[in-house]
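Presented below is the structure to which this report refers.
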Amino acid sequence: MKKLYNPKTIEKKWQKVWMKQGVSKKALNKGKLYILDMFPYPSGDGLHVGHVENFTATDIYARFKRFLGYDVLRPMGWDAFGLPAENFAIKTGIHPKLKTLESIKNFKRQMKSVGLLYDWDREINTSSPEYYKWTQWMFLFLYTNGLAYKKKAKVNWCEACHTVLANEQVIDGKCDRSGDIVIQKDLEQWFFKITDFVEPTKREDGTKISGLLSGLEKIDWPESTKAAQRHWIGRSEGAEVVFYITDTEEEVRVFTTRLDTIYGCTYIVIAPEHPLVRTLESRMKNAQAVKKYIAVTKKKTDLERTELNKEKTGICLQGVEVVHPFTGERLPVYVADYVLGTYGTGAVMGVPAHDERDFIFAKKYQLEILEVIQGKEANHKEKPYTEDGTLIASKEFTGLHSEEAREKMLVWLQKEKLGRKVVNYRLRDWLISRQRYWGAPIPIIYCDDCGVVPVPEKDLPVKLPADVDFRPTGESPLVRSKSFHNVKCPKCGKKARRESDTMDTFVCSSWYYMRFADPHNIKTFASKKALATYLPVDFYIGGSEHTVLHLLYARFFTKALMKYGYLEFDEPFQKLRHQGMILAQDGQKMSKSKGNVVNPDQMVAEFGADSLRLYEMFMGPFEDMKAWNTGSIIGVRRFLEKVWRLGQRADNKQQKTKNVSLESLLHRTIKKVTEDLEELKFNTAISSLMILMNEMEKSDHISRITYQTSLVLLSPLAPHIAEELWSQLGEKKSIFFAQWPKWDTKKIAEESSIIVVQINGKVRATFQMATGSSEAEVKKVALADANVQAYTEGKAIRKIIYIKDKILSLVIGD
RNA sequence: GGGCGAGUGGUGGAAUGGUAGACACGUUGGACUCAAAAUCCAAUGCUGGCAACAGCGUGAGAGUUCAAGUCUCUCCUCGCCCACCA
């Protein structure tokens with residue numbers, strides 16, 4: 001009796017077996033391999049098909065690598081703190097913890113239903129006290145070593161929600177929940193000193209630690225991701241130049257990368273936040289107007305500051321002048337908000353002839369435009385010339401090229417003590433305070449007598465109180481929990497207050513990959529032994545939305561921990577790849593509001609988990625963006641039906657195949673699948689298996705060995721059906737204990753090859769020849785071909801190129 | 001404005017410089033069936049032709065080569081990320 005392929009029953013059956021049997025343990029001789037997915041935020045919406053793409057790819061890779069004998073670590077956990085659960089709680093009154101646990105349960109069910117094989121013994125949840133105890137320990141570790149500090153900073157503030165927002169919550173300058181404009185507020189905030197690790201550093205014992213920049217050179221990451229990190233760090237070399245303020249002891253220091261243009265400097269601009277604005281107030285003739293301008297600027301939102309990109313505003317400080325260090329001329333000083341207080345020195349020199357922004361500003365305020373660099377275009381009156389060139393009107397530097405001029409001018413400045421070489425970075429320290437409930441509490445206590453007191457390690461974790469009203473009022477929800485907020489000072493025992501902010505969730509995800517090595521350790525975040533066994537992560541896969549922040553923060557944690565002797569590696573992720581985004585059928589991003597979201601549960605119910613897995617891998621190159629098309633899933637389902645039917649036909653007794661060409665194809669397929677899986681080329685691996693199965697179907701006889709080999713090749717991709725058919729052949733052990741097949745190069749070689757004859761680059765004939773035929777033999781056959789003769793008749797053959805077993809190229813002329 | 005990437009049939013896509021369009025979806029025709037589904041077979045880049053075959057064809061144009069989707073240059077279009085960073 002023929003059995004029908006029924007994914008529902010066989011998939012459930014094997015998932016249960018795998019859960020019981022755990023990850024396969026067999027002769028492991030190739031060493032460890034840590035394969036990691038970026039752990040998901042357990043959203044109430046359930047698993048997204050993009051998650052399935054990501055996790056299926058690592059599942060296939062991990063299963064494949066286990067076949068090859070690696071000791072694979074493949075854990076899964078939950079990035080469980082975060083805003084959606086808290087916002088849901090504000091709306092519904094349901095506690096974030098309950099909602100999160102419910103979401104996790106659902107995610108886990110869905111993951112199991114697509115046959116993802118994780119080491120669930122290592123499951124972690126960042127919102128559990130067992131985990132965030134160590135997140136808090138990380139904070140204390142950084143604090144103790146001077147890498148965490150508190151200072152006043154500008155934060156995003158939404159008036160409608162009465163709360164501080166994370167950067168990710170500010171969309172186009174507006175609150176993502178209320179849609180209200182986000183303004184800037186000054187608050188005391190905690191920072192991590194990520195900027196300390198931009199350049200290489202050393203441990204006390206002399207061990208070198210690569211910097212956030214230099215470390216990128218030795219890891220296998222997509223070039224675009226490395227570029228984005230470099231850009232985010234934004235290293236730029238330049239000069240700091242001193243401009244003295246006339247009739248005072250004060251000076252303005254400006255930062256420039258274009259020292260060569262300094263003879264074209266006709267004014268100076270300082271940021272509204274610049275301290276000199278206050279210092280010089282008494283000298284200003286228009287102090288009231290300046291004050292007013294700054295007040296207006298302060299109210300400006302990020303949105304306004306960026307939208308008014310081209311429009312530049314500012315005000316001249318009347319009565320204040322600076323001295324040009326090279327010419328001695330007196331120049332006016334402006335305050336303008338196009339200069340950022342947070343970058344460089346918060347002051348710039350205005351060179352309108354050679355800078356876009358300065359040009360616009362100078363035009364508006366009718367400032368002098370002096371050309372000092374000669375470019376290709378003669379007239380710069382309409383447009384600034386911003387590239388390098390030859391200096392003009394620059395006294396003794398005239399005639400030099402920009403590059404040389406920068407060096408010589410710097411030497412002069414240093415000699416005159418009017419400037420120095422400086423390197424500036426765009427990267428700023430990481431603000432980790434969040435005025436939110438659903439996060440890890442910052443383990444700090446404030447005492448009137450002792451000041452800032454870190455919570456002693458023995459008192460960790462500082463637990464999140466359960467009875468908190470999380471409705472936004474403008475202060476951290478934790479302030480309102482009396483039991484949490486009021487505490488005794490660990491130093492003097494007097495009344496003290498707990499820090500009421502929680503940590504950015506990115507802190508939790510900056511070290512989770514280490515916890516997986518030793519998830520139940522209660523003495524340390526992970527034992528040195530466990531870390532030495534599994535870390536660093538060998539292969540990391542996740543979305544490209546984490547290109548900058550998460551990956552940069554994780555690298556920072558690794559470097560900081562290494563510096564103080566907790567780790568022996570300075571880069572956490574050796575190899576990184578991003579899955580391409582899956583768009584909806586309409587080519588747009590999937591979103592609830594558009595109603596175009598594909599639900600994996602429905603796909604599993606309709607086509608089966610193996611079909612869903614195969615389809616997602618067959619859609620296109622793993623790293624490319626691709627649009628979903630439910631209509632196409634039927635293709636991979638048909639393929640699996642075919643594999644199933646072949647199983648009913650496979651010869652159970654006959655070990656050897658009689659079909660030489662099928663055997664040759666089998667070996668080519670082994671090679672192709674093995675190589676493609678290694679490179680994540682799942683789409684072509686699947687198509688080569690389709691070709692093999694198509695051929696097997698045409699064949700009169702399918703030997704047991706041929707069929708079994710093809711099942712093993714299929715098993716990482718479509719594990720349930722492979723396991724089922726394997727057992728139907730009478731095998732007692734799981735297919736995952738089988739040997740991964742090796743290809744035989746001799747068998748790959750075919751008996752005959754197709755020779756293509758090109759005449760002047762065009763194909764004129766094709767014929768079969770015995771593989772390995774000589775040029776003379778091929779030429780003889782080619783010239784005997786009627787179609788070839790039609791083209792060569794009466795013409796001289798000038799050149800012959802023969803590519804063995806492939807092409808005979810004839811060049812003919814009159 | 002900067003960085004990264006991509007343009008190939010009706011669709012998703014394949015192609016170490018060597019027959020462009022593998023594999024799959026879709027479409028058309030046929031077999032099986034009372035019928036349908038499923039399955040199988042055949043065709044399917046465009047143009048002409050009964051056919052053999054010929055011409056054209058990988059965003060546009062040039063170049064290198066016996067041979068270019070692939071390498072080089074110029075340009076166009078689209079996507080993603082970043083963006084007043086001096």
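What's counted below: heavy atoms across the whole structure, side chains too, no hydrogens, waters or symmetry copies. A, B, ... follow the sequence lines: proteins, then strands. Residue 1 opens every chain.
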Note, [X] side chain near [Y] side chain (heavy atom, < 4.5 Å):
| X | Y | result |
| --- | --- | --- |
| A:Asp355 | A:Thr261 | no |
| A:His667 | A:Ile670 | yes |
| A:Leu413 | A:Phe326 | yes |
| A:Met617 | A:Ile60 | yes |

Six-ring centre of A:Trp644, A:Arg638 cation under 6.0 angstrom, axis tolerance 45°: no

Row check, A:Tyr791 ring normal vs A:Arg764 NZ/CZ: under 6.0 Å, within 45°: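 The answer is yes; both the distance and angle limits are met.
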
Minimum-distance nucleotide to [X] side chain [options: [options]]:
| X | options | result |
| --- | --- | --- |
| A:Asp337 | B:C84, B:A24, B:A86 | B:C84 |
| A:Ile754 | B:U19, B:G79, B:A83 | B:U19 |
| A:Ile691 | B:G13, B:C23, B:A86 | B:C23 |
| A:Val339 | B:A86, B:C23, B:U19 | B:A86 |
| A:Asn683 | B:G12, B:G13, B:G79 | B:G13 |

Derivation of the side-chain hydrogen bond (donor to acceptor under 3.5 Å, both in side chains) call for A:Thr771 and A:Ser753: CA-CA 5 Å; A:Thr771 298; A:Ser753 309; 2.8 Å; yes

B:G45 glycosidic torsion: syn (within 90° of 0) vs anti: anti

Under 4.0 angstrom between A:Tyr338 side-chain N/O and B:A86 OP1 or OP2: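 False: A:Tyr338 side-chain N/O out of range (4.0 Å or more) of B:A86 OP1/OP2.
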
Whole Å only: how far is the [atom1] atom of [X] from the [atom2] atom of [N]?
| X | N | atom1 | atom2 | result |
| --- | --- | --- | --- | --- |
| A:Arg230 | B:C82 | CZ | P | 18 Å |
| A:Lys681 | B:C23 | NZ | P | 18 Å |
| A:Arg668 | B:A14 | CZ | P | 20 Å |
| A:Ile800 | B:G18 | CD1 | C1' | 17 Å |
| A:Arg637 | B:A38 | CZ | C1' | 11 Å |
| A:Arg406 | B:A86 | CZ | P | 12 Å |
| A:Met619 | B:G13 | CE | C1' | 11 Å |
| A:Arg649 | B:C40 | CZ | C1' | 13 Å |

Polar side-chain contact A:Lys806-B:U16 base: donor and acceptor under 3.5 Å: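 Counting by modelled atom types and ignoring angles, a donor-acceptor contact under 3.5 Å is found here.
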
Summary of protein contacts for nucleotides 42-61 of chain B, nucleotide by nucleotide, where a base hit scores B, a sugar-phosphate-only hit scores S (4.0 Å, heavy atoms): ------------SSS-----

Determine the interatomic distance between [atom1] on [N] and the same-named atom on [M]; round to the nearest Å.
| N | M | atom1 | answer |
| --- | --- | --- | --- |
| B:A22 | B:A37 | P | 27 Å |
| B:G30 | B:A24 | P | 23 Å |
| B:G1 | B:C75 | P | 14 Å |
| B:C41 | B:G5 | C1' | 43 Å |
| B:G12 | B:G63 | C1' | 34 Å |
| B:C66 | B:U27 | C1' | 40 Å |
| B:A14 | B:U58 | C1' | 12 Å |
| B:G26 | B:G10 | C1' | 8 Å |

Taking all heavy atoms of [X] and all of [Y], pick out the closest pair and write down the distance.
| X | Y | answer |
| --- | --- | --- |
| A:Pro352 | A:Pro384 | O-CB, 3.7 Å |
| A:Ala336 | A:Pro272 | O-CD, 3.4 Å |
| A:Leu213 | A:Arg230 | CD2-CG, 3.9 Å |
| A:Ser710 | A:Leu689 | O-CD2, 4.3 Å |

A:Tyr615 side chain to A:Thr56 side chain, donor-acceptor N/O pair below 3.5 angstrom: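 Per modelled atom types, A:Tyr615 and A:Thr56 side chains form no pair under 3.5 Å.
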
A:Asn424 versus A:Ser236, side-chain donor and acceptor atoms under 3.5 Å: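 Side chains of A:Ser236 and A:Asn424: no pair found under 3.5 Å.
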
Would you classify [X] as touching base, sugar-phosphate or nothing, given that sugar-phosphate means primed atoms plus P, OP1 and OP2, and contacts are heavy atoms under 4.0 Å?
| X | answer |
| --- | --- |
| A:Thr225 | nothing |
| A:Asn694 | sugar-phosphate |
| A:Phe639 | nothing |
| A:Pro621 | sugar-phosphate |

Taking only nitrogen or oxygen atoms into account, show me every contact under 3.5 Å that the protein makes with nucleotides 65-69 of chain B, one pair per line with its distance.
{"unit_1": "B:C66", "atom_1": "OP1", "unit_2": "A:Lys799", "atom_2": "NZ", "d": "2.7"}
{"unit_1": "B:C66", "atom_1": "O2", "unit_2": "A:Ser809", "atom_2": "OG", "d": "2.6"}

Most 5' of A:Arg426 and A:Thr684 on RNA chain B, judged by nearest nucleotide: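 Nearer the 5' end of the strand: A:Thr684.
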
Audit row: A:Lys312, A:Asp337, salt bridge (Lys or Arg N to Asp or Glu O under 4.0 Å) steps and yes/no: CA-CA 8 Å; A:Lys312 305 252 179 287; A:Asp337 67 359; over 6 Å; no

Ring-ring centroid check A:Phe361 A:Tyr334, cutoff 6.0 Å: yes

Between A:Tyr425 and A:Trp232, ring centroids under 6.0 Å: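 No; A:Trp232 has its ring centre 6.0 Å or more from that of A:Tyr425.
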
Dot-bracket pairing map - RNA chain B, Watson-Crick plus G-U, both contacts under 3.5 Å, | cross-strand: (((((((..(((.....[....)))((((((.......))))))((((....))))..(((((..]....))))))))))))....

Non-neighbouring partners of A:His274 that pass ring pair (Phe, Tyr, Trp, His ring centres under 6.0 Å), sequence neighbours left out: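 Scan of A:His274 (ring pair (Phe, Tyr, Trp, His ring centres under 6.0 Å), adjacent residues dropped) gives none.
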
ring-ring contact (aromatic ring centres under 6.0 Å, His included) evaluation trace for A:Tyr553 with A:Trp430: CA-CA 9 Å; A:Tyr553 296 153; A:Trp430 174 15; 3.5 Å; yes

Evaluation steps, salt bridge (Lys or Arg N to Asp or Glu O under 4.0 Å), between A:Lys779 and A:Glu777: CA-CA 5 Å; A:Lys779 190 178 155 192; A:Glu777 289 167 319; over 6 Å; no

Polar atom pairs (N or O), protein with nucleotides 3-11 of chain B, under 3.5 Å:
none

Below 3.5 Å between N/O atoms, which protein atoms pair up with nucleotides 26-33 of chain B? Just atom names and distances, please.
{"unit_1": "B:G26", "atom_1": "OP2", "unit_2": "A:Arg638", "atom_2": "NH1", "d": "3.3"}

